[in-house]
Amino acid sequence: MPGVAEVFHAHFTEHVYPMHAHSTWTLLIVDDGAVRYDLDRHEHGALAGVVTLLPPDVPHNGRSADPGNPDGFRKRVLYLERDSLGADLVGAAVDRPAFADPLLRQRIHQVHRALRAPGEELEAESRLTLVRERLRERLTPLASVPPAEPPSRQAASLLRDLIDARVVEGVSLEAAAGELHFHPVHLIRSFTRAYGMAPHRYLTSRRVDLARGLLLAGMPAAQAATESGFWDQSHLNRHFKRVVGVSPSRFAAP
């Protein structure tokens, strides 16, 4: 996915990371246990409920905060491309690599969840865009943050038209932003404000509508899934039941 170099989920009980550095931003959340690490000669902790962001090229290490705990720690990491946040924020991340921010943590969890589901690329990209924006907000001094661009109906309408034109093949947020000449965050906020749902939810609903028609026309569910833009039949089943309330097979039953 654009902006993500690697996704890493791990459970360690004894492993100790030596001092090392990445060429990417390391965005870490801990699900169980706790991690201690050194960054720029200062000791820090990564706890459950805290978001940790380690900047590129700055050496750090890592180990369980409780070496006597046989369960160790579980973590999930997004390695973000160097240009995802900007070199101007490296110093701020060194000074403050951890955030007690429940909303940010929830959004990162949602990115991981979307990345695990084939066919949910637009959701993953949209949620990652919001994660990057919130990270910038936390790292950038308030005085230097420009006024937020107000949501516009024009941006929302243009994005809806673009999604409608590409229901089956889909459209990435990056491509939509480039084609429509709006910032990705502005597109997401404008669309959600205008239509009461995120762009990826709208795309899914349009695909479900298309699948309904195909199923009623007698098309097998597996074929209807791919013909309407879903990854496979299980992908269709999951969203179809959430939107319609019944499975595709029950919906199409005479």
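Just so we're clear, the structure is a prediction, and the values are computed from it rather than from any experiment.
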Original post:
F230: what forms a ring-ring contact (aromatic ring centres under 6.0 Å, His included) with it, not counting sequence neighbours?
Top reply: H235

**OP:** Any chance you could pull the hydrophobic cluster mates of V50, using side-chain heavy atoms under 4.5 angstrom and chaining through other members?
**Re:** L47

Subject >> Residues forming a side-chain contact (heavy atoms from CB on, under 4.5 Å) with A48, sequence neighbours excluded >> reply: none

Original post:
Would you say H60 and P97 make side-chain contact, with heavy atoms under 4.5 Å?
Top reply: no

**OP:** Please collect all salt bridge (Lys or Arg N to Asp or Glu O under 4.0 Å) contacts where either partner lies in residues 48-68, sequence neighbours excluded, each pair once.
**Re:** D38-R63, E43-R63, D57-R82

**OP:** For H200 and A198, indicate whether the former's side chain and the latter's backbone hold a donor-acceptor pair under 3.5 Å.
**Re:** no

Original post:
With D161, which residues qualify under salt bridge (charged side-chain N to carboxylate O under 4.0 Å, His left out), at least two apart?
Top reply: none

**OP:** Determine yes or no for a side-chain-to-main-chain donor-acceptor pair under 3.5 angstrom, with S84 supplying the side chain and E81 the backbone.
**Re:** yes

Subject >> I108: partners by side-chain contact (heavy atoms from CB on, under 4.5 Å), with sequence neighbours left out >> reply: L27, I29, V51, L78, L104, H112, V131

**OP:** Let me see the working for Y195 and S190 under side-chain contact (heavy atoms from CB on, under 4.5 Å), right down to the final yes or no.
**Re:** CA-CA 9 Å; Y195 302 114; S190 298; over 6 Å; no

Original post:
Quick one: are D71 and D32 in side-chain contact, heavy atoms under 4.5 Å?
Top reply: no

Original post:
Quick one: do L85 and L39 end up in the same hydrophobic cluster if we chain Ile, Leu, Val, Met, Phe, Trp and Tyr together by side-chain heavy atoms under 4.5 Å apart?
Top reply: yes

Subject >> All pairs passing side chain to side chain donor-acceptor pair (under 3.5 Å) where residues 217-232 contributes a residue, at least two apart >> reply: D232-S234

Original post:
To which residues is M19 joined in a hydrophobic cluster, defined by side-chain heavy-atom contacts under 4.5 Å among Ile, Leu, Val, Met, Phe, Trp and Tyr, whether direct or through other members?
Top reply: none

Subject >> Heavy-atom closest contact (R166 atom, L203 atom, distance) >> reply: O-CD1, 4.4 Å

Original post:
For the side chain of H22 and the backbone of T24, is there at least one donor-acceptor N/O pair under 3.5 Å apart?
Top reply: no

**OP:** Would you kindly confirm whether F240 and L210 end up in one hydrophobic cluster when ILVMFWY residues are joined by side chain heavy atoms under 4.5 Å apart?
**Re:** no

Original post:
Can you name the nearest heavy-atom pair linking A124 to M1, along with the distance?
Top reply: CB-SD, 3.5 Å

Subject >> Non-neighbouring partners of D31 that pass side-chain contact (heavy atoms from CB on, under 4.5 Å), sequence neighbours left out >> reply: R74, R76, R105

Original post:
How many angstroms lie between CG in L128 and CG in L173, if you round to the nearest 0.5 Å?
Top reply: 9.5 Å

Subject >> Worked check of side-chain contact (heavy atoms from CB on, under 4.5 Å) between K75 and V77 >> reply: CA-CA 7 Å; K75 67 174 183 175; V77 185; 3.9 Å; yes

Original post:
Cluster question for you: counting only ILVMFWY and a side-chain heavy-atom cut-off of under 4.5 Å, with indirect links fine, are V168 and M219 together?
Top reply: yes

Subject >> L236 CG to L214 CG distance, which is reported to the nearest 0.5 Å >> reply: 9.5 Å

**OP:** Just say parallel, tilted or perpendicular for the rings of F12 and F8, cut-offs at 30° and 60°.
**Re:** tilted

Subject >> Test side-chain contact (heavy atoms from CB on, under 4.5 Å) applied to A93 - qualifying residues, sequence neighbours left out >> reply: W25, P55, L139

Original post:
Roughly how far, to the nearest 0.5 Å, is the OG1 atom of T52 from the CG atom of L28?
Top reply: 5.0 Å

Subject >> Pairs where residues 85-102 contributes a residue and the test salt bridge (Lys or Arg N to Asp or Glu O under 4.0 Å) is met, not counting sequence neighbours >> reply: D101-R134, D101-R138

**OP:** Would you indicate whether H20, at its atom NE2, is surrounded by more than 12 heavy atoms from other residues, nucleotides or ligands within a distance under 6.0 Å?
**Re:** yes

Subject >> Closest heavy-atom pair and its distance - G62, V35 >> reply: CA-CG1, 4.4 Å

Less than 3.5 Å apart, which donor and acceptor atoms pair up between the side chains of residues 246-254 and the rest of the protein, not counting sequence neighbours?
unit_1 : atom_1 : unit_2 : atom_2 : d
S247   : OG     : S249   : OG     : 3.2
S247   : OG     : R250   : N      : 3.3

Original post:
If you draw a 6.0 Å radius around CD in E169, do more than 12 non-hydrogen atoms from other residues or ligands fall strictly inside?
Top reply: yes

**OP:** Determine whether V94 and L135 fall in the same hydrophobic cluster, where Ile, Leu, Val, Met, Phe, Trp and Tyr are linked whenever their side-chain heavy atoms lie under 4.5 Å apart.
**Re:** yes

Original post:
To the nearest 0.5 Å, how far apart are CD in E133 and NE2 in H186?
Top reply: 12.0 Å

**OP:** May I ask you to check whether over 12 heavy atoms, not counting those of R242, lie within 6.0 Å of atom CZ?
**Re:** yes

**OP:** Give the C-alpha distance, both sets of side-chain angles, the deciding distance and a yes or no for side-chain contact (heavy atoms from CB on, under 4.5 Å) between V111 and V4.
**Re:** CA-CA 11 Å; V111 173; V4 178; 5.7 Å; no

Original post:
Is the CD atom of E6 crowded by more than 12 outside heavy atoms at less than 6.0 Å?
Top reply: yes

**OP:** Examine F99 and V58 and state if one hydrophobic cluster contains both, with Ile, Leu, Val, Met, Phe, Trp and Tyr joined whenever side-chain heavy atoms are less than 4.5 Å apart.
**Re:** yes

**OP:** Kindly compute the distance separating CG (L180) from CG (L187), expressed to the nearest 0.5 Å.
**Re:** 6.0 Å

Subject >> Between CG on residue L158 and CZ on residue F182, distance to nearest 0.5 Å >> reply: 6.0 Å

Subject >> Any donor-acceptor pair under 3.5 Å from E125 side chain to P2 backbone >> reply: no

Subject >> Closest contact, heavy atoms only, R207 versus G119 >> reply: NH1-O, 4.1 Å

